K.L.:
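I am attaching a structure below and will ask some questions about it afterwards.
Along the sequence shown, residues carry numbers from 1. Computed over heavy atoms, backbone and side chain alike; hydrogens, waters and symmetry mates excluded. Bear in mind the structure is a predicted one, so any value in this text is a computation, not a measurement.
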Amino acid sequence: QLQLVESGGGSVQSGGSLTLSCTASEDIGSNACMGWFRQTAGEKREGVAQINGGGENPRYADSVRGRFTISRDNAKRTLYLQMNTLKAEGTAVYYCALIFTINGYCLRFPRDDYKYWGQGTQVTVSS
């Protein structure tokens, strides 16, 4: 069973930066659409960003566009989320997700049918 492990969460002051990583336990090639989600207690999980299997066509939620950057290194089986100019409302547990698709295309954003999920990493932004 494929596993995803996130890392890089932590505490940062408002305006600061963090980079999250998500590493797959086995080779995922370029046929995996991958994304980042976040969730706070009592709230619905929010799609933050996603990227096609080949690293093209990144998509972002309006709330993070221009501040967050999603990328991936398939050779390292790793997905990244560079988060700049963090705001207090960015405090959440961040999850990475993966689904194998034809040619790795994600198509719609955000997808609601990801098959594999990480355990989450906490990001806390203090004002």
K.L.:
Could you go through Met83 and Ser17, starting from their C-alpha distance and side-chain angles, then the distance that decides it, and tell me whether this counts as side-chain contact (heavy atoms from CB on, under 4.5 Å)?
P.N.:
CA-CA 5 Å; Met83 305 184 294; Ser17 298; over 6 Å; no

K.L.:
May I have the step-by-step check of side-chain contact (heavy atoms from CB on, under 4.5 Å) for Ser127 and Lys87, ending in yes or no?
P.N.:
CA-CA 8 Å; Ser127 56; Lys87 304 177 181 180; over 6 Å; no

K.L.:
Could you name each residue pair satisfying side-chain hydrogen bond (donor to acceptor under 3.5 Å, both in side chains) that touches residues 23-37, not counting sequence neighbours?
P.N.:
Thr23-Thr78

K.L.:
So which pairs with a foot in residues 1-16 pass side-chain hydrogen bond (donor to acceptor under 3.5 Å, both in side chains), sequence neighbours left out?
P.N.:
Glu6-Gln119

K.L.:
Do any pairs count as a disulfide (SG to SG under 2.5 Å) and have a residue in residues 32-69, sequence neighbours left out, and if so which ones?
P.N.:
Cys33-Cys106

K.L.:
Would you say that Asp73 contacts Tyr80 through its side chain, given a criterion of any heavy-atom pair below 4.5 Å between the two side chains?
P.N.:
yes

K.L.:
Identify all side-chain donor-acceptor contacts of residues 88-100 below 3.5 Å with residues at least two apart in sequence or on another chain.
P.N.:
unit_1: Thr91; atom_1: OG1; unit_2: Ala88; atom_2: O; d: 3.0
unit_1: Thr91; atom_1: OG1; unit_2: Val125; atom_2: N; d: 2.8
unit_1: Thr91; atom_1: OG1; unit_2: Val125; atom_2: O; d: 3.3
unit_1: Tyr94; atom_1: OH; unit_2: Arg38; atom_2: NH1; d: 3.0
unit_1: Tyr94; atom_1: OH; unit_2: Gly90; atom_2: O; d: 2.7

K.L.:
The criterion is side chain to side chain contact (heavy atoms under 4.5 Å, CB included); which residues satisfy it with Pro58, sequence neighbours excluded?
P.N.:
Tyr60, Ile70

K.L.:
By side-chain hydrogen bond (donor to acceptor under 3.5 Å, both in side chains), which residues pair with Ser71, not counting sequence neighbours?
P.N.:
none

K.L.:
Taking all atoms of both residues into account, what is the closest heavy-atom pair of Arg67 and Thr85, and its distance?
P.N.:
NH1-O, 2.8 Å

K.L.:
Arg77: what forms a salt bridge (Lys or Arg N to Asp or Glu O under 4.0 Å) with it, not counting sequence neighbours?
P.N.:
none

K.L.:
Between Ile51 and Asn57, is a side-chain contact (heavy atoms from CB on, under 4.5 Å) present by the stated rule, with each step listed?
P.N.:
CA-CA 6 Å; Ile51 191 167; Asn57 196 31; over 6 Å; no

K.L.:
Got a second to check how far Arg45's CZ is from Trp117's CH2, nearest 0.5 Å?
P.N.:
3.5 Å

K.L.:
With sequence neighbours left out, write down each residue that passes salt bridge (Lys or Arg N to Asp or Glu O under 4.0 Å) with Arg65, or none if nothing qualifies.
P.N.:
Asp62

K.L.:
Under the side-chain hydrogen bond (donor to acceptor under 3.5 Å, both in side chains) rule, collect the residues that match up with Tyr114, sequence neighbours excluded.
P.N.:
Gln50

K.L.:
Of all the heavy-atom pairs spanning Ala24 and Leu2, show the shortest one and how long it is.
P.N.:
CB-CD1, 3.9 Å

K.L.:
With side chains defined as the heavy atoms from C-beta onward, is the minimum distance between Tyr116 and Met34 less than 4.5 Å?
P.N.:
no

K.L.:
What closest approach, in Å, do Phe109 and Gly47 show between heavy atoms, and which atom pair accounts for it?
P.N.:
CZ-O, 4.0 Å

K.L.:
For Asn74, give me all partners under side-chain hydrogen bond (donor to acceptor under 3.5 Å, both in side chains), at least two apart in sequence or on another chain.
P.N.:
Arg72

K.L.:
Holding to side-chain hydrogen bond (donor to acceptor under 3.5 Å, both in side chains), I want the full list of residues that pass it with Arg111, two or more places apart in sequence or in another chain.
P.N.:
Asp113

K.L.:
ring-ring contact (aromatic ring centres under 6.0 Å, His included): which pairs involve residues 13-32, sequence neighbours left out?
P.N.:
none

K.L.:
Evaluate the criterion side-chain contact (heavy atoms from CB on, under 4.5 Å) for residue pair Leu18 and Leu86; output intermediate values, then yes/no.
P.N.:
CA-CA 8 Å; Leu18 280 175; Leu86 281 161; 4.2 Å; yes

K.L.:
Does Val48 reach the side chain of Phe68, with side-chain heavy atoms less than 4.5 Å apart?
P.N.:
yes

